[in-house]
Amino acid sequence: KRFETGYSREIKTQTGAGKGECSPGNGSGDDVIIVGAGVAGAALAYTLGKDGRRVHVIERDLTEPDRIVGELLQPGGYLKLVELGLQDCVEDIDAQRVLGYALFKDGRNTKLSYPLGKFQADVSGRSFHNGRFIQRMREKAATLPNVKLEQGTVTSLLEEKGTIIGVQYKTKDGEELRAYAPLTIVCDGCFSNLRRSLCNPKVDVPSCFVGLVLENCELPFSNHGHVILADPSPILFYPISSTEVRCLVDVPGKKVPSVANGEMANHLKTVVAQQVSCIDCPLQTLFYHGLMEESVLFQVPPELRDAFIAAVDKGNIRTMPNRSMPADPHPTPGALLMGDAFNMRHPLTGGGMTVALSDIVVLRDLLRPLHNLHDAASLTSYLESFYTLRKPVASTINTLAGALYKVFSGSPDEARKEMRQACFDYLSLGGVFSTGPVALLSGLNPRPLSLVLHFFSVAIYGVGRLLLPFPSFQRMWIGARLIWSASGIIFPIIKAEGVRQMFFPATVPAVYRAPPVVN
């Protein structure tokens, strides 16, 4: 409500224009229309507004969002937040500092800390309620006099002679309006209904998250995210406030039992389960749950058991499909895609916001030299460099997310089992074997080549474990299949990201294009 009454301004109808319309050209006075005011849209609105652009943001719902993802900002993402001047948006929302991860498997655990020694003391990951973070960014964007936020649903992009010239949208009162600007940036999220004309969307849904909020419980390792390598797939725990811990149970496939009819709660509470009395084992409680057609086993640290059961009993169980989609844009004059509408990866590694904020920094730097955005053809040609310049950060995080999810998920295949165990043991070695991969995951060292080297180091380490001290034909065969399996995991992801842009960006001519000169 504050945005509508305090900050937003209605679009004025121009003389001679149809009802509720601004005439194209300079009629509306807007430089940029942003569709969506989530993390990407709100941050972009503030960034472009601070650079003097006249920005019109149209968001379907300006009330505080309530989501179970987008709650963990990696240190690399926090650095981008600082670069954009938005670091105060993680203040006063009870955000928690995150210093790394704790990894659990088969009664063993290892702590993986972010390599933060070279950074200032305030640099770390942050975890929080997604909605609180978004509202803080919306409020900050709305304080700029040249940024207006309006609640409305964009129904279509307006096109004229192959150029996007604005949007058609419906206000909260049901009135149909049009808005015009030389550049329209679509940031309407993972369920975008506008991206089809701007990209080739190849959306995959490898799994779903089942989300719970655990209250008044302590994690085994404070200020760390917790990843349990359970069967059939990982379980995550991380703090989202000083009194709440988010639990995300990954369920492979596109379908989960219904929450509405109580089936999901019934399965999660069928806790038979079996308690393992092993004093030296930090993972003592085993739960069975029916999230698949047959019961699957997963392990919950005993410190979280009672809070987990209480959360299930409370009934606030949420589900969310985990979507991945490589960036495959159709360069379109007058329009650009950003955020989850443009590119998604599995949320296991919490890299989505880092990619979005990094993309905004790249776009801001490209647009800064331009005083006039009205030459759509020249602008589109110039902004093609955006798709390559974003690759170091985006492709590293995207590839790591997809590869780690497949490695961390359980499998009946012996080679995959060995790969999973090798990954855990490799990270447990410490030193460069843990700081290297964690620097990649955190966005602090976005180097695709380093990612590939570490990934195949894990595979080779796994083969070494199989062949020592005495190799056998069976172990050699499993080792060969392990290398083949590792290749089958990472190479398709790299292909989708674009080999040339990912590893040889200097060979892409678009990165050398100068800003267009507009008379």
From [atom1] ([X]) to [atom2] ([Y]), nearest 0.5 Å:
X: Arg390; Y: Leu366; atom1: CZ; atom2: CG; value: 12.5 Å
X: Ile93; Y: Arg136; atom1: CD1; atom2: CZ; value: 7.5 Å
X: Leu149; Y: His56; atom1: CG; atom2: NE2; value: 8.5 Å
X: Lys148; Y: Asp30; atom1: NZ; atom2: CG; value: 4.0 Å
X: Arg178; Y: Ile165; atom1: CZ; atom2: CD1; value: 8.0 Å
X: Ser442; Y: Tyr78; atom1: OG; atom2: OH; value: 15.0 Å

Does atom [atom1] of [X] have more than 12 heavy-atom neighbours from other groups under 6.0 Å away?
X: Phe504; atom1: CZ; result: no
X: Lys170; atom1: NZ; result: no
X: Arg97; atom1: CZ; result: yes
X: Gln120; atom1: CD; result: no

How close do [X] and [Y] get, heavy atom to heavy atom, and via which atoms?
X: Gly77; Y: Leu357; result: O-CD1, 3.6 Å
X: Ser395; Y: Pro448; result: OG-CG, 3.6 Å
X: Leu440; Y: Leu400; result: C-CD2, 3.9 Å
X: Thr332; Y: Ser197; result: OG1-O, 4.0 Å
X: Val57; Y: Ala45; result: CG2-CB, 3.5 Å
X: Pro515; Y: Leu370; result: CB-CD2, 3.6 Å

Short question: side chain of [X], backbone of [Y] - any donor-acceptor pair under 3.5 Å?
X: Arg138; Y: Thr63; value: yes
X: Glu244; Y: Val213; value: no
X: Arg246; Y: Ser127; value: no
X: Arg368; Y: Asp51; value: no
X: Thr396; Y: Pro392; value: yes
X: Ser207; Y: Asn322; value: no
X: Ser192; Y: Gly189; value: no
X: Arg513; Y: Glu384; value: no
X: Tyr512; Y: Ala506; value: yes
X: Asp94; Y: Ser242; value: yes

Check the side chains of [Y] and [X] for a donor-acceptor pair under 3.5 angstrom, ignoring hydrogens and angles.
X: Asp173; Y: Thr171; value: no
X: Tyr238; Y: Gln96; value: no
X: Ser156; Y: Gln168; value: no

Close side-chain approach of [X] to [Y], heavy-atom, < 4.5 Å:
X: Ile493; Y: Asn398; result: no
X: Val438; Y: Tyr101; result: no
X: Phe209; Y: Asp250; result: yes
X: Tyr46; Y: Leu84; result: no
X: Arg195; Y: Pro201; result: yes
X: Arg53; Y: Leu367; result: yes
X: Val362; Y: Val393; result: no
X: Ile494; Y: Val499; result: yes

Residue pair Arg364, Glu83: steps toward the side-chain contact (heavy atoms from CB on, under 4.5 Å) verdict = CA-CA 11 Å; Arg364 177 201 65 182; Glu83 198 170 342; 3.6 Å; yes

query = Under the side-chain contact (heavy atoms from CB on, under 4.5 Å) criterion, do Val35 and Ile58 qualify, and how do the steps go?
reply = CA-CA 5 Å; Val35 181; Ile58 305 171; 5.6 Å; no

ask   = Does Asp340 pair with Arg323 as a salt bridge, N-O distance under 4.0 Å?
value = no

Salt bridge Arg54-Asp31, side-chain N to carboxylate O under 4.0 Å = yes

ask   = Can you list the residues that meet the side chain to side chain contact (heavy atoms under 4.5 Å, CB included) rule with Ala401, with sequence neighbours excluded?
value = Arg345, Thr349

query = Of the options Leu177, Thr155, Ile34, Thr184, which is the one that meets Val167 in a side chain to side chain contact (heavy atoms under 4.5 Å, CB included)?
reply = Thr184

ask   = How would you list all residue pairs meeting ring pair (Phe, Tyr, Trp, His ring centres under 6.0 Å) that involve residues 312-343, not counting sequence neighbours?
value = Phe342-Tyr387

request  = Could you walk me through whether Leu404 and Leu441 pass side-chain contact (heavy atoms from CB on, under 4.5 Å), step by step?
outcome  = CA-CA 10 Å; Leu404 266 188; Leu441 182 149; 3.9 Å; yes

task = Step by step, work out the side-chain contact (heavy atoms from CB on, under 4.5 Å) result for Ile397 and Gln74.
result = CA-CA 11 Å; Ile397 292 175; Gln74 297 288 359; over 6 Å; no

